[in-house]
Amino acid sequence: MTTHKPVGGRLLTGPFAILLVLVAVMAVILVQRFALGLGAVTNMNDGYPFGIWVVIDMVIGTGFGCGGFALALLVYILNKGEYHPLMRPALLAGLFGYTLGGMSIVVDLGRYLNVYNLFLPWQMQPNSVMFEVALCVMAYIIVLFIEFLPTLLEKTESEGLRNLLKKSMFFFIALGVLLPTMHQSSLGTLLVILGHQVSPLWQTQALPALYLLSAILMGYAVVVFEGILAATTFRRPFEGEILGKLSGVIFWMLLVYLVIRFGDLVMRGALGGLMTDPVNGIMFVIENLLYVVPVLILVIPANRRSPRMLFLAALSLLAAGSVYRIDSYLVGYHPGNGWTYYPSVTEILVTVGIFSLEVVLYLIFVKKLPVLHSRTQA
Amino acid sequence: MTMNRRDFLRVAVSGGALSVAGAPPAEAAREAKPMPPDAVGMLYDSTLCIGCKACVSACREANGLGPVNEANPGWNDGTWDTPLDLSAKTFNVIKAYRHGTMAKKDRKENGFAFVKRHCLHCVDPSCVSACPVSAMQKDPKTGIVSYDPDACIGCRYCVYSCPFNIPRFDYSAAYGKIGKCEFCRHLQVDGKTPACCDVCPTGASLFGRVDDLRAEAKRRLALKPGDVTTFPRGNLSGSRAFGKEGGEQAAKMQSPHDAPAGTYLNGLYGEKELGGTQVHYLSGVPFEKLGLPTDVPDRGYASVSEGIQHTLYKGMIAPVVLLGGLAALAFRATRDSDGEDKK
């Protein structure tokens with residue numbers, strides 16, 4: 001018997017209050033940003049026009065939001081129904097990851113009032129990778145909402161709408177796989193046009209493949225991470241068997257990722273880039289060690305049953321995907337001309353606020369709505 | 001372990017079909033773009049430039065940009081226009097290369113040289129390819145790369161992608177915009193010459209048709225250094241509107257003058273670099289010393305990035321086909337699970 005239930009319990013806990021304060025701090029900074037401009041609260045400049053609001057909130061944030069996408073591949077495309085219990089929390093995390101990533105971009109846009117131009121056929125520029133990412137992400141946010149809608153409707157009496165959703169859901173599931181496939185790979189393609197400005201350690205035509213694979217990996221890692229965290233904080237049964245199986249998928253995918261990553265570097269003879277710039281070299285080593293750690297953990301079958309080891313592997317994988325994205329967008333990017341960039345305190349506080357808001361919304365939803373799966377109390 | 005290698009392959013094929021299976025081969029670039037038929041451009045000859053910065057202030061006047069006093073803030077309280085670099089409010093700037101004792105102009109060792117930096121109006125511009133809303137456009141006839149603030153959403157992908165670091169965004173304004181050289185297209189409408197070339201006293205900045213400018217550059221490259229030759233000023237291909245308006249003195253300023261030919265170290269910059277540009281450079285010091293990237297391919301990066309997109313998407317046919325396959329699989333899966341998923 002499978003069923004989903006709200007966790008219940010008190011909402012306003014200590015950590016929850018701290019998160020709310022962080023969200024409030026962000027709100028104040030955003031007022032400043034709109035009144036005084038981007039320069040007033042960020043360290044972005046014409047050498048580094050993309051700061052952490054793009055790279056962390058959007059490029060990494062949506063990677064974290066790929067849980068629903070990655071699981072849908074297993075559950076619906078490969079028809080592995082046993083992973084289904086993990087689906088709802090993953091969709092919820094995706095919904096918030098993407099929505100707030102998108103919100104962050106609107107805050108980052110210098111001429112946000114002109115956003116409607118993206119929808120005017122005579123202004124659209126389909127050759128632009130940015131155009132593709134923008135439309136695809138917006139469409140996917142809507143799809144995520146529709147995919148999550150049954151959870152919201154479970155408590156209501158709208159039988160008709162529920163049935164309609166149920167009948168048409170296969171189409172939205174398909175879209176929910178197609179759209180992230182497109183825009184997560186495009187987040188990599190976006191860097192191709194930067195050419196020599198990105199170090200050969202990261203600049204490659206394999207960027208779309210690497211970004212897609214690493215996004216799916218981050219998606220699975222988020223599912224494992226969140227599953228274990230939910231089990232411990234809400235004292236729920238540990239979904240050991242499913243997570244163990246999932247870690248097997250992660251293991252093989254990681255190997256493929258590393259083969260493509262290093263095969264590409266060797267074929268292009270780009271590993272020499274390790275020596276030319278020490279910061280690049282160090283960050284490259286950190287990034288790939290973080291990818292290798294989960295391989296070493298998961299190669300031992302016993303570790304796939306251990307919540308502690310699984311958690312470590314997932315954490316390392318999330319860090320790996322994040323560092324890879326920061327490396328390719330910022331660390332390995334060299335605009336020359338003496339430009340430097342390090343985010344300002346206010347800039348960082350906005351990113352912290354965005355992620356706090358995600359956790360706040362997640363907590364409200366899992367406590368009040370039937371998101372998490374429960375076997376025993378059914 | 002239930003997830004075996006065969007299952008994994010199915011993950012890779014179904015999920016990654018767009019990207020993994022279709023990983024673009026090394027030559028996924030689209031066709032390089034040709035030079036527009038009536039391309040206009042500039043020839044900047046660093047050996048002729050005396051660093052007077054008349055072009056910088058003329059550009060400000062022509063484009064309605066106020067003075068920028070960045071240098072020497074201790075004593076410069078706004079009287080002097082001293083931009084240090086291009087910005088959203090500085091569309092062209094004169095910079096200097098300096099080495100050692102700086103004893104001789106246009107020499108790499110113990111010398112110095114000037115360079116005028118602004119948009120090169122690429123034949124295959126990255127900014128135009130990057131812009132999601134067509135705010136950056138390349139004129140199909142003249143090749144002028146223009147910017148439309150009414151379309152621009154301020155994503156700054158043009159700033160990020162430009163290999164010459166040209167478009168700049170105004171971060172100091174609450175609702176900033178991009179600023180860059182547009183070849184004074186508002187003056188050209190009236191048959192006038194772009195301001196920087198119009199005022200240049202030595203013809204270091206010369207405006208004209210790209211074909212003519214390239215021929216002029218080749219002529220200079222063929223000269224023996226030191227040989228006296230005639231250098232045109234203003235607009236190589238004709239009308240000197242400012243000259244007519246400004247009377248005799250201005251007309252004299254616009255007429256060609258004789259001077260010894262410079263020692264041109266390298267060839268002509270802008271013929272091949274990144275698919276070619278409509279602004280060309282001649283110089284007595286290596287181009288990279290003037291901040292121009294030289295270790296670059298002969299095709300624009302936009303052709304590579306668009307090539308990848310076109311290979312993967314095949315005019316949106318590939319995504320639609322993939323969507324069909326995914327929908328069929330998802331339909332099967334949701335139908336199968338109907339029984340067990342009943343609440």
Side-chain angles (χ1 to χ4, degrees), chain A residues 3 34-39 44-47 49-50 73 75-79 81 84 109-112 114-115 117-118 123 125 127-131 134 169-171 173-175 177-178 181-182 185 189 192-197 205-206 208-209 212-213 216 245 248-249 252 256 335-337, chain B residues 1-3 7-8 10-12 14-16 18-20 23-24 26 28 126 129-134 151-157 159-161 163 165 168-169 171-177 293 296 301-302 304-306 308-309 312 319 322-323 326-327 329-334 336-337 343:
Chain A
T3 180
F34 284 107
L36 305 172
L38 285 168
M44 282 188 281
N45 53 57
D46 283 320
F50 282 16
L73 271 179
V75 176
Y76 298 111
I77 306 308
L78 299 179
N79 208 0
H84 197 268
L109 286 181
R111 300 179 72 76
Y112 42 89
N114 284 346
V115 150
N117 281 298
L118 283 168
Q123 289 299 145
Q125 211 281 90
N127 285 326
S128 165
V129 184
M130 180 69 83
F131 173 75
M169 193 51 83
F170 76 94
F171 178 70
I173 289 167
L175 269 181
V177 171
L178 175 74
T181 304
M182 286 166 68
S185 58
T189 316
V192 170
I193 202 167
L194 270 60
H196 67 264
Q197 299 185 94
Q205 299 207 11
L212 178 63
L213 272 175
I216 297 174
K245 272 186 186 172
V249 180
W252 286 107
V256 171
N337 204 11
Chain B
M1 253 333 283
T2 46
M3 183 75 185
D7 282 344
F8 169 73
R10 286 163 65 196
V11 177
S14 56
L18 264 179
S19 192
V20 180
S126 292
S129 168
C131 183
V133 289
S134 314
C152 174
I153 59 173
C155 72
R156 308 183 299 283
Y157 190 24
V159 182
Y160 198 40
S161 64
N165 195 206
R168 304 287 170 112
F169 180 76
Y171 301 87
S172 65
Y175 197 66
K177 59 180 174 186
V296 291
Y301 295 126
V304 183
S305 126
E306 286 184 21
I308 290 179
Q309 290 294 85
L312 295 182
L322 186 59
L323 179 64
L326 291 171
L329 288 169
F331 183 74
R332 185 197 63 181
T334 46
D336 285 359
S337 65
K343 303 285 164 329

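Within every chain, numbering begins at 1; the chains are lettered A, B, ... in the order of the sequence lines, protein sequences first and strands thereafter.
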Hits for ring-ring contact (aromatic ring centres under 6.0 Å, His included) against B:Y301, two or more places apart or cross-chain, chain-then-number order -> A:H196

Which one, [options], leads in non-hydrogen pairs under 4.5 Å with chain B?
| options | result |
| --- | --- |
| A:G336, A:G47, A:A35, A:G39 | A:G39 |
| A:N45, A:L118, A:N114, A:I173 | A:N114 |
| A:V115, A:L36, A:V75 | A:L36 |

Chain A shares the most heavy-atom pairs under 4.5 Å, among B:S134, B:S126, B:A173, with B:S134

Point to revise | Derivation and outcome, side-chain contact (heavy atoms from CB on, under 4.5 Å), residues B:Y171 and A:D46 | key: CA-CA 9 Å; B:Y171 301 87; A:D46 283 320; 3.3 Å; yes

* To do: Verify, without hydrogens or angle tests, whether A:N117 (side chain) and B:A151 (backbone) share a donor-acceptor contact under 3.5 angstrom.
  => yes

Exercise. Return yes if some donor-acceptor pair links the side-chain N/O of B:E306 with the main-chain N/O of A:N127 below 3.5 Å, else return no.
Key: no

- prompt: Do A:F34 and B:Y175 have ring centres separated by under 6.0 Å?
  reply: no

| message | Quick one, B:L329 and A:N79 - any side-chain contact, counting heavy atoms below 4.5 Å? | response | no

Check [X] against [Y] and note the closest heavy-atom contact, atom names and distance.
| X | Y | result |
| --- | --- | --- |
| A:L38 | B:F169 | CD1-CE2, 3.9 Å |
| B:A330 | A:A174 | CB-N, 4.5 Å |
| A:M182 | B:P319 | SD-CB, 4.1 Å |
| A:I193 | B:S161 | CG2-CB, 3.5 Å |
| A:G110 | B:R156 | N-NH1, 3.9 Å |
| B:R332 | A:L78 | NH2-C, 4.3 Å |

Trace of the side-chain contact (heavy atoms from CB on, under 4.5 Å) decision for B:L323 with A:F171: CA-CA 9 Å; B:L323 179 64; A:F171 178 70; 4.1 Å; yes

Taken in chain and number order and not counting sequence neighbours, the residues that satisfy side-chain contact (heavy atoms from CB on, under 4.5 Å) with B:C155 are A:L109, A:M130, B:P132, B:I153, B:Y157

Honestly, the part of B:V296 sitting under 4.5 Å from a heavy atom of chain A is side chain

Honestly, the part of A:M44 sitting under 4.5 Å from a heavy atom of chain B is both

